Amino acid sequence: MAQLLIVDDERMVADSLAETLPWVDLNIHHVYTAYSSKEALQILATSPIEVVLTDIRMPGLSGLELIERIRELNQKTKCIIHSGHADFEYAKQAMAFQVSEYLLKPASDEEILEAVNRMLEAYRQETEALYSVESMASAIREQLPVLRSQFLDSLLAGKRWNSYELEGKLNLLRLAFQQDDSISILVVRLEEGFPTSDSQSLTLFEYAVNNIAEETFGEHFDLLSGRDQYNYLVLVAKLKQKKAAEFSELGVNSNASSTLFEQTALQLQENVKAYLKRNISLVMSSWGQFPNDVSPLYQESITIMRRNIGNDRDIFIRMSDKGFTKPYKSLRSLYETPTLNQIMDMGQREAALAKIESITRELEEHWSGSQEHMQEVFLHLGASFTYTAHQNGKPLEDLIGIDYEPFYSRQPFLSIRQLKDWALRVTSKIFDDLNKENLNAKSNTILLIQQFINDRLSEDVSLQAISDHIGMHPAYLSMLFKSQTGENLSEYIIRLKMEKAAMLLKHTNERIYQICASLGYQNPPYLIKLFKKYYGVTPQEYRDGLNGHQ
């Protein structure tokens with residue numbers, strides 16, 4: 001839905017256009033008004049405006065100067081001149097500022113609506129072109145190294161995709177990997193001599209090592225490379241199809257890929273030493289399948305790196321060298337992204353429940369006899385629940401009541417099923433409370449808005465004034481009010497003022513101009529126009545009709 005800004009130093013003109021034309025028919029959900037260029041720029045600084053309808057001659061910055069500033073802020077915003085000055089020089093200047101519509105006052109409602117609609121359509125077409133497949137493909141090509149690195153981060157964290165999603169990502173990132181490809185991982189540690197305090201220099205060296213790796217492995221292996229959270233360089237490698245076909249024709253044994261990978265890794269170590277005059281240590285993983293084995297192979301490699309290198313330098317280790325067996329390790333689903341903390345932060349109840357199901361399922365399938373793993377899950381879930389409660393300003397104990405007992409008793413759960421039921425129950429209690437708090441907060445906000453408006457019906461109540469009083473962004477405030485009441489904020493204000501006008505017409509002898517002033521309007525014709533639109537008759541006709549029934 002679009003947003004429109006109307007700028008005119010004549011309040012009645014701006015307000016009349018904003019409040020009497022059927023903007024909702026053009027899918028415009030909010031219309032801002034400004035009575036000077038300065039006010040307009042303040043609104044433009046905080047709200048995404050698609051179309052600006054502005055007068056030319058205004059105190060301070062003129063309309064043309066305003067448009068020039070808008071062009072500096074956002075080239076996409078469409079501008080329409082609405083002015084009584086038909087001077088050709090103005091029109092020429094307007095064209096220079098890419099103004100496509102020039103309406104002479106007094107323009108009809110239909111002319112204004114049609115001009116705004118044309119500008120909205122032009123805005124939509126430009127936006128669609130900006131986000132077209134070709135533009136997105138070009139942007140992706142430019143950001144390919146960063147996107148590949150982010151993809152590797154997700155793989156290392158254990159993120160899973162279905163076959164369709166994975167294929168799409170691999171095609172998008174132009175990676176020569178496929179599901180179930182045989183892969184191995186090389187973890188690279190930069191040794192002494194590489195800068196540690198100068199991040200810019202370190203980044204350049206990492207870039208150089210990656211380039212050497214691409215050159216060294218590129219003849220026989222496809223690579224996916226990046227840096228992990230511990231500042232190790234990580235290379236995921238698979239044998240190129242051409243080389244695999246060559247091995248198949250020669251009838252070499254299944255260890256040929258591993259032997260070639262090992263020899264190439266050793267060559268990488270030598271090349272870094274020769275060209276960068278520095279040493280690296282390497283851990284080469286066993287072989288697994290892409291993408292599901294990337295995370296476990298990586299975790300195993302990191303474990304080997306930490307346990308066996310120590311203070312030694314220029315080391316090369318294969319997992320088989322250490323007789324590596326399945327490690328006693330943490331549950332993958334417990335720490336893979338999105339974590340339970342992240343899910344609860346986003347307020348996704350069903351996703352949180354599904355995460356707990358996933359964690360307890362892995363616990364049952366792989367660590368059903370491990371009380372220590374059950375305790376790990378309990379402590380991890382407990383920390384997430386406590387974090388969520390505290391983030392929302394409440395003690396966890398107050399939210400979950402009797403289910404807080406395991407934290408006190410420190411007694412282990414007797415079964416995984418018992419732990420699972422407890423976790424699902426606590427999650428539901430937390431979300432029930434958050435939803436209730438959210439509803440209460442929204443209801444209280446609506447009441448504050450309504451009270452503020454009711455107390456100031458005799459004033460010119462603006463969205464910005466309400467926003468400043470509530471402490472909420474105008475666009476969000478407007479959206480919240482509509483979602484909770486089903487009525488636009490401007491419609492609500494007009495309705496209250498028209499109902500008050502009708503009450504004053506019925507129960508007092510005040511003149512129309514007096515009623516107009518008591519409602520915060522400066523011009524009686526404007527009140528008459530609004531009243532007739534709302535009740536179908538002018539204020540005087542309304543009063544005459546009441547008198548006729550007495």
Side-chain angles (χ1 to χ4, degrees), residues 157-160 328-451 470-472 476-477 479-481 483-486:
K159 184 173 176 59
R160 303 291 185 91
Y328 193 79
K329 59 183 181 179
S330 297
L331 283 78
R332 179 193 301 176
S333 58
L334 201 59
Y335 301 101
E336 68 183 0
T337 55
T339 64
L340 184 61
N341 260 7
Q342 292 169 336
I343 292 170
M344 297 190 78
D345 256 352
M346 293 184 286
Q348 297 177 345
R349 180 185 190 129
E350 294 307 317
L353 296 173
K355 181 72 171 180
I356 290 170
E357 292 277 1
S358 172
I359 292 168
T360 52
R361 183 165 55 250
E362 184 182 354
L363 189 59
E364 287 174 339
E365 291 174 354
H366 301 289
W367 305 102
S368 59
S370 172
Q371 185 63 44
E372 192 166 309
H373 279 85
M374 200 187 306
Q375 185 71 357
E376 180 185 12
V377 171
F378 166 67
L379 292 173
H380 182 90
L381 298 182
S384 294
F385 295 150
T386 305
Y387 167 81
T388 303
H390 291 179
Q391 282 290 94
N392 289 278
K394 290 192 174 182
L396 179 62
E397 185 176 6
D398 289 356
L399 289 184
I400 65 175
I402 194 172
D403 281 316
Y404 196 78
E405 177 61 25
F407 292 98
Y408 280 133
S409 66
R410 305 192 181 208
Q411 302 244 337
F413 288 94
L414 299 178
S415 68
I416 295 173
R417 180 70 193 181
Q418 191 181 61
L419 171 61
K420 175 183 175 181
D421 289 345
W422 172 83
L424 293 174
R425 195 165 57 246
V426 169
T427 301
S428 295
K429 285 183 177 181
I430 290 173
F431 275 101
D432 286 345
D433 184 81
L434 293 179
N435 289 338
K436 182 174 67 176
E437 289 291 318
N438 192 30
L439 286 173
N440 289 341
K442 287 181 178 180
S443 297
N444 289 337
T445 300
I446 297 302
L447 289 174
L448 287 173
I449 293 171
Q450 292 173 331
Q451 186 64 49
I470 301 297
M472 188 178 290
Y476 179 74
L477 185 148
M479 180 182 68
L480 174 66
F481 191 88
S483 67
Q484 295 297 303
T485 67

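What you are looking at is a predicted structure, and each value in this text was computed from that prediction instead of being measured.
Between the E362 side chain and the S333 main chain, a donor and an acceptor come within less than 3.5 Å of each other. Although no hydrogens or angles enter the test, the distance criterion places no donor-acceptor pair under 3.5 Å between the side chain of E405 and the main chain of I402.
L419 approaches M374 most closely through the heavy-atom pair CD2-CG, 3.5 Å. Considering all non-hydrogen atoms of both residues, L381 and A423 come closest at CD1-CB, 3.6 Å. Minimum interatomic distance between V426 and D403 (heavy atoms only, all atoms of both residues): CG2-CB, 3.8 Å. In terms of heavy-atom proximity, G382 sits nearest to F407 at CA-CZ, 3.7 Å. I446 approaches L480 most closely through the heavy-atom pair CD1-O, 4.2 Å. Across K355 and I343, no two heavy atoms sit closer than the pair CB-CD1, 3.9 Å.
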Show the numbers, then the answer: is there a side-chain contact (heavy atoms from CB on, under 4.5 Å) between E372 and W367?
CA-CA 9 Å; E372 192 166 309; W367 305 102; over 6 Å; no
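By the side chain to side chain donor-acceptor pair (under 3.5 Å) test, S384 is found to be paired with N341, residues two or more places apart in sequence or in another chain being considered. Legend: residues meeting side chain to side chain donor-acceptor pair (under 3.5 Å) with N392, ordered by chain and number and at least two apart, are absent. With sequence neighbours excluded, the residues forming a side chain to side chain contact (heavy atoms under 4.5 Å, CB included) with R361 are E357, S358, E365, listed by chain and number. Checked against side chain to side chain contact (heavy atoms under 4.5 Å, CB included), S443 has no partners two or more places apart in sequence or in another chain. Residues meeting the ring-ring contact (aromatic ring centres under 6.0 Å, His included) test with F431, sequence neighbours left out: none. Shown here are the side chain to side chain contact (heavy atoms under 4.5 Å, CB included) partners of R417, two or more places apart in sequence or in another chain: S415, K420, D421. Contacts of K159 classified as side chain to side chain donor-acceptor pair (under 3.5 Å), with partners at least two apart in sequence or in another chain: none. Judged as a side chain to side chain contact (heavy atoms under 4.5 Å, CB included), and not counting sequence neighbours, the contacts of A389 are L396, L399. Listed by chain and residue number, E376 satisfy the side chain to side chain donor-acceptor pair (under 3.5 Å) test with Y335 (two or more places apart in sequence, or in another chain).
The salt bridge (Lys or Arg N to Asp or Glu O under 4.0 Å) pairs that include a residue from residues 378-401 are K394-D433, K394-E437, where partners are two or more places apart or lie in different chains. Among pairs with a residue in residues 378-389, none fulfils salt bridge (Lys or Arg N to Asp or Glu O under 4.0 Å), at least two apart in sequence or across chains. Residue pairs meeting the salt bridge (Lys or Arg N to Asp or Glu O under 4.0 Å) criterion with at least one member in residues 333-353, sequence neighbours excluded: R349-D432.
Annotation: the span from H366 atom NE2 to L331 atom CG amounts to 8.5 Å, rounded to 0.5 Å. Interatomic distance, CD1 of I470 versus CG of L448, reported as 4.5 Å (0.5 Å rounding). Separation of atoms CD1 (I400) and CH2 (W422) is listed at 6.0 Å; rounding is to 0.5 Å. The CG atom of L353 lies 5.0 Å from the OG atom of S428; values are rounded to the nearest 0.5 Å. Taking CG of L447 as the start and CD of Q484 as the end, the distance is 10.5 Å to the nearest 0.5 Å. Atom NE2 of H373 sits about 14.5 Å away from atom CD of E364, to the nearest 0.5 Å.
At a threshold of 4.5 Å between non-hydrogen side-chain atoms, the residues I449 and F481 count as touching. Looking only at side-chain heavy atoms (C-beta outward), L424 and T360 stay at 4.5 Å or farther from each other.
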